[in-house]
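Here's the structure we're looking at; comments come further down.
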Amino acid sequence: MSNLPGTTLIRGGTVVTADGESRADVLVSGETIAAIGANLDVPAGARVIDAGGALVIPGGIDPHTHMELPFMGTVASEDFFTGTSAAAAGGTTLSLDFVIPGNTQRPLEAYKEWRGWAEKAACDYSFHVAITSWSDQVRDDMRTLATEHGVNSFKHFMAYKNAIMADDEILIHSFRTARELGALCTVHAENGELVFALQQEIYDRGITGPEGHPLSRPPEVEGEAANRAIRIAEVLGVPLYVVHTSCEDALQAVTRARLEGQQVFAEVLIQHLVIDDSVYRHSDWDQAAGHVMSPPFRSKEHQAALWRGLQAGMLQTTATDHCCFGREQKRAGLTDFRKIPNGTSGIEDRMAVLWHHGVRTGRLTPSEFVAVTSTNAAKIFNLHGRKGCIAVGADADLVVWDPNRTRTISAKTHHQNIDFNIYEGMEVVGGPAVTLSRGMVVWENGELKTVRGRGRYIHRPCNAPFWQAQRIRNSNQNPTGVQR
Ligand code: URP
Ligand code: ZN
Ligand code: ZN
């Protein structure tokens with residue numbers, strides 16, 4: 001039977017959304033959801049997928065990926081086709097990737113380049129655009145991107161000095177412009193000056209291996225930058241999204257701001273929840289280097305804080321920062337940890353690892369799982385109603401989620417284009433039996449059915465109603481308009 005979109009009835013499942021659960025069938029017509037209800041009739045010619053009592057959930061949204069990213073002298077090995085295919089195998093149907101302009105490159109030019117690379121994507125994607133320098137031209141490009149190209153989020157790397165780092169001056173210019181456009185600012189929060197100084201100091205002390213990486217990026221470095229970005233956003237009155245919150249220090253800054261009524265959203269990476277910093281002490285250099293990413297893995301105390309932050313709603317989204325560098329690529333830093341390309345993979349494993357460690361342990365309900373794997377990202381990045389939900393008229397990005405599906409994660413069997421998996425040997429219970437991307441079955445019975453180039457670029461308008469609602473609430477509390 002063809003797997004192209006036609007009419008499909010998903011029968012006999014429990015529909016789980018961020019709002020609750022109910023026994024219901026889901027009828028898909030073409031690329032969208034046509035009906036949801038008990039005992040729906042099978043239309044003539046429809047394909048029937050028997051959910052067999054499993055769950056039916058929205059396709060996952062990974063709000064933080066880096067397919068084929070040129071970075072640290074190399075290029076991430078996962079491209080938009082292999083990456084979005086691996087995503088489908090894990091139940092993720094939309095990835096928000098990052099356009100990062102190269103040295104002297106204009107944001108608009110970089111965006112066009114990334115659009116070209118992404119044409120091979122198998123599932124849908126959208127772009128945040130990084131602001132790495134400032135000029136009138138950059139300001140104009142932000143406007144063009146926001147008004148003509150559906151970019152409603154701009155990224156600021158507060159680390160990676162002498163490469164893509166945005167200093168405070170850039171943050172201020174860009175945050176102001178984002179406010180005028182009704183766009184969302186996002187930050188990689190690490191104090192880049194401090195990281196640079198600590199790296200030098202640690203290297204000079206003779207620590208050249210991967211164990212030097214976490215030493216140069218302690219939690220305080222992240223906490224300081226998160227707090228600084230939050231306060232700049234507060235003063236300028238712009239919503240902020242903190243990517244890959246990895247430690248209690250940054251979480252506290254986010255929590256405090258949210259408790260004060262500021263529009264601050266934050267993301268956690270699955271790997272920061274389940275892997276601790278002992279990986280950097282591995283006797284095998286390749287193993288330790290395979291875990292070099294920024295911010296680095298933290299101690300178990302920080303992990304526990306992150307779980308609490310996720311449960312309490314202080315962290316709203318879960319991502320992967322999927323950025324693949326294989327063993328050979330990592331070896332560029334064999335004699336100097338500063339040269340190990342930063343990044344780890346996981347787009348295929350995000351949902352299953354979170355289900356296993358989050359839902360099966362009782363930390364999250366199935367509805368909370370849906371909220372943090374898709375719905376909240378759809379709300380924050382202004383896709384709600386189209387993505388991250390099961391509703392009539394929404395895109396038919398759906399997953400039949402089998403809570404009993406068992407898999408032992410391994411680089412030997414995964415679909416990601418990398419010879420390393422940070423979850424190697426981890427057994428996870430719960431996973432996608434069937435994945436549909438805009439009505440097309442892309443993963444079924446352990447088999448990928450993705451089609452190169454079928455993924456579509458998704459426009460995201462500015463002024464998300466979700467932020468506006470918060471802004472109105474805040475201004476009611478404090479008519480001066482300062483978000484406190
Ligand atoms: O180590 C990481 N996270 N690499 C990708 C770039 C970034 O900082 O997000
Ligand atoms: Zn980052
Ligand atoms: Zn990243």
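Because the structure is a prediction, the values reported are computed rather than measured. Just so you know, residue 1 is the first one in the sequence shown, and it goes up from there.
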Q. Testing Asp124, Thr93, Asp395, Asp397 for side-chain hydrogen bond (donor to acceptor under 3.5 Å, both in side chains) with Arg438, which one passes?
A. Asp124
Q: Just jot down the salt bridge (Lys or Arg N to Asp or Glu O under 4.0 Å) partners of Asp62, sequence neighbours excluded, or say none.
A: none
Q | Polar side chain donor-acceptor pair, His322 to Glu78, under 3.5 angstrom | A | yes
Q. Are Ser410 and Tyr423 close enough that a side-chain donor and a side-chain acceptor fall under 3.5 Å?
A. no
Q) Will you find, in the side chains of Gln303 and His272, an N or O donor that is under 3.5 Å from an N or O acceptor? A) no
**Q.** Rounded distance [0.5 Å steps], CD in Glu328 versus NZ in Lys330
**A.** 13.0 Å
Q. Should the pair Lys120-Glu68 be classified as a salt bridge under the 4.0 Å nitrogen-to-oxygen rule?
A. yes
(Q) Does either side chain, that of Thr92 or that of Arg350, offer a donor lying less than 3.5 Å from an acceptor on the other one? (A) yes
Q. Any chance the side chains of Gln271 and Thr320 put a donor and an acceptor closer than 3.5 Å?
A. no
Q: Kindly state whether the ring of His156 and the ring of His188 have centres lying under 6.0 angstrom apart.
A: no
Q: Using only heavy-atom distances, determine whether the side chains of Asn421 and Asp349 contain a donor-acceptor pair under 3.5 Å.
A: yes
Q.
Is it true that, when you exclude Arg176 itself, more than 12 heavy atoms of the residues, nucleotides or ligands shown sit nearer than 6.0 Å to its CZ?
A. no
Q) Is the gap between the ring centers of Phe71 and His66 under 6.0 Å? A) no
Q. Would you say the side chains of Ser126 and Arg460 form a donor-acceptor pair under 3.5 Å?
A. yes
Q: Test the Lys339-Phe337 pair against the cation-pi criterion, namely NZ or CZ under 6.0 angstrom from the six-membered ring centroid and within 45° of the ring axis.
A: no
Q: Give a yes-or-no answer on whether the side chains of Glu368 and Gln311 include a donor-acceptor pair shorter than 3.5 Å.
A: no
Q: Indicate, with yes or no, if the rings of Phe466 and Phe265 have centres closer together than 6.0 Å.
A: yes
Q: Could you tell me whether the side chains of Thr144 and Glu148 share a donor-acceptor contact shorter than 3.5 Å?
A: no
